Amino acid sequence: MNTLSNVLKTSAHDIYENIVRVVVVNVLWFIVVSPALFLLSWPVAIVYLFFTLIPGFVGVIYAMKSIVNRERFKYSLFFVGVYRYYGRALILSLVTGVFLAILFSSWWYYLRVRTNLTFLIAIVQTYFFLMVSLAQVYTIPILVTSEKKLWRSMAISLRLFLENGFYTFLAFLQIVTVNTLLLVTVVSFPLLFAGMASIFLLHVYYNVMLKYTAKQSD
């Protein structure tokens, strides 16, 4: 199992060597989600993102998988991935939406009531949401690389998180940090955001799986 810095270097190398492919696939993803950012009112935009954001990201990971695995690349892989995993990605959107709604409602209620109890509840819900997010870091890579059912992928992701908690936390922190910087630069969001995150996430997953491959070979 390699260090996280080596994973980051490998990811950066893949992005640099395939920058045009990464940008084009990311633009395709951005075109899919952009109506929610520019054309729709916020209630409609939320519903639209529910049906497009995660399924589109799954399509990006499916396309980037061919780059990471040194397989034949086609831009149409983005659409193939969206189509192939749309149902499972939609269920994942539902699960994510439920946890986000709980988190939002907790803080909304605290801002209205402002008591110690409601603040404690909001903090606990925030911690719970972060733990759930960490536990599901590997779900989409597992789904796309092993063709497992969604619930099985989520269960495996949870196990990997429990057995590699510190590594997963640092990887999650890297993903959030790098992509937050991309959000600040604005132009980089439609050009690199999903593509960079996908390549790094795939390398993070492959790296943690080296640990189990080594055990099986012993």
Side-chain angles (χ1 to χ4, degrees), residues 4 29-30 32-37 40-58 60-61 85-144 148-184 186 189 193-194 196-198 200-202 204-205 208:
L4 200 56
W29 168 80
F30 184 74
V32 171
V33 302
S34 60
L37 303 177
L40 304 175
S41 60
W42 72 266
V44 179
I46 291 174
V47 175
Y48 180 81
L49 287 175
F50 170 80
F51 286 99
T52 59
L53 184 61
I54 292 181
F57 186 69
V58 171
V60 175
I61 286 192
Y85 300 100
Y86 189 80
R88 284 169 281 184
L90 200 60
I91 296 173
L92 185 58
S93 291
L94 176 61
V95 174
T96 305
V98 168
F99 285 112
L100 280 172
I102 294 172
L103 179 63
F104 175 81
S105 61
S106 298
W107 282 105
W108 175 83
Y109 188 66
Y110 162 70
L111 292 174
R112 287 180 61 88
V113 178
R114 290 187 180 276
T115 64
N116 291 335
L117 179 59
T118 56
F119 178 71
L120 178 62
I121 292 173
I123 292 296
V124 170
Q125 292 292 357
T126 301
Y127 175 79
F128 180 69
F129 177 78
L130 290 174
M131 288 300 102
V132 170
S133 299
L134 283 169
Q136 298 308 315
V137 161
Y138 306 107
T139 295
I140 296 178
I142 294 169
L143 184 68
V144 170
K148 295 184 183 297
K149 294 182 178 179
L150 177 62
W151 304 117
R152 178 60 178 161
S153 299
M154 294 176 72
I156 295 173
S157 181
L158 175 60
R159 179 172 66 85
L160 292 177
F161 165 64
L162 293 175
E163 295 178 357
N164 306 275
F166 188 63
Y167 170 83
T168 304
F169 171 74
L170 291 179
F172 182 80
L173 191 61
Q174 288 274 11
I175 293 171
V176 171
T177 301
V178 172
N179 286 286
T180 299
L181 292 175
L182 290 179
L183 287 173
V184 172
V186 182
F189 178 72
F193 180 82
M196 284 183 61
S198 297
F200 184 58
L201 196 55
L202 283 166
V204 166
Y205 169 64
V208 79

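Position 1 is the first residue of the sequence, and the numbers go up from there. As the structure is a computational prediction, the values presented were derived from the model and not from experiment. Because only heavy atoms are used, hydrogens play no part in the values below, and waters and symmetry mates are left out as well, while side chains stay in.
- Applying the ring-ring contact (aromatic ring centres under 6.0 Å, His included) test to every pair with at least one member in residues 88-111, sequence neighbours left out, gives these pairs: Phe99-Phe128, Trp107-Tyr110, Tyr110-Phe119.
- Residue pairs meeting the salt bridge (charged side-chain N to carboxylate O under 4.0 Å, His left out) criterion with at least one partner in residues 110-135, sequence neighbours excluded, are absent.
- The CG atom of Leu143 lies 4.5 Å from the OG atom of Ser153; values are rounded to the nearest 0.5 Å.
- Rounding to the nearest 0.5 angstrom, the gap separating the CZ atom in Phe169 from the CG atom in Leu4 is 11.5 Å.
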Is there a side chain to side chain contact (heavy atoms under 4.5 Å, CB included) between Phe30 and Phe193? Walk through the geometry before answering. CA-CA 9 Å; Phe30 184 74; Phe193 180 82; over 6 Å; no
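- Considering CG of Leu134 and CG of Leu162, their distance stands at 10.5 Å, rounded to 0.5 Å.
- The minimum heavy-atom distance between Val144 and Tyr85, with the atom names listed, is O-OH, 3.3 Å.
- The shortest distance between side-chain heavy atoms of Val33 and Phe57 does not fall below 4.5 Å.
- Contact annotation: the side chain of Val95 approaches that of Met154 to within less than 4.5 Å [non-hydrogen atoms, C-beta and beyond].
- Applying the side chain to side chain donor-acceptor pair (under 3.5 Å) definition to pairs two or more places apart or across chains, none involves residues 88-105.
- One finds the OG1 atom of Thr126 at 11.5 Å from the CE atom of Met131 (value rounded to the nearest 0.5 Å).
- Inter-residue side-chain proximity for Leu100 and Phe129 is flagged as met; some heavy-atom pair is nearer than 4.5 Å.
- To the nearest 0.5 Å, the span separating CD1 on Ile61 from CD1 on Ile140 amounts to 5.0 Å.
- When atom types are taken as modelled, the side chain of Ser106 and the backbone of Ile102 share a donor-acceptor pair closer than 3.5 angstrom.
- Shown here are the side chain to side chain donor-acceptor pair (under 3.5 Å) partners of Thr118, two or more places apart in sequence or in another chain: Thr115.
- Here the CD atom belonging to Gln136 is positioned 10.5 Å from the CG atom belonging to Leu160, to the nearest 0.5 angstrom.
- In this structure, the side chains of Tyr167 and Val204 come closer than 4.5 Å at one or more pairs of heavy atoms.
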Please output the side-chain donor-acceptor pairs of residues 40-56 that fall under 3.5 Å, not counting sequence neighbours, one pair per line with the distance.
from: Tyr48; atom 1: OH; to: Val32; atom 2: O; distance (Å): 2.4
from: Thr52; atom 1: OG1; to: Tyr48; atom 2: O; distance (Å): 2.8

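- Tyr138 pairs by the side chain to side chain donor-acceptor pair (under 3.5 Å) definition with Thr168, not counting sequence neighbours.
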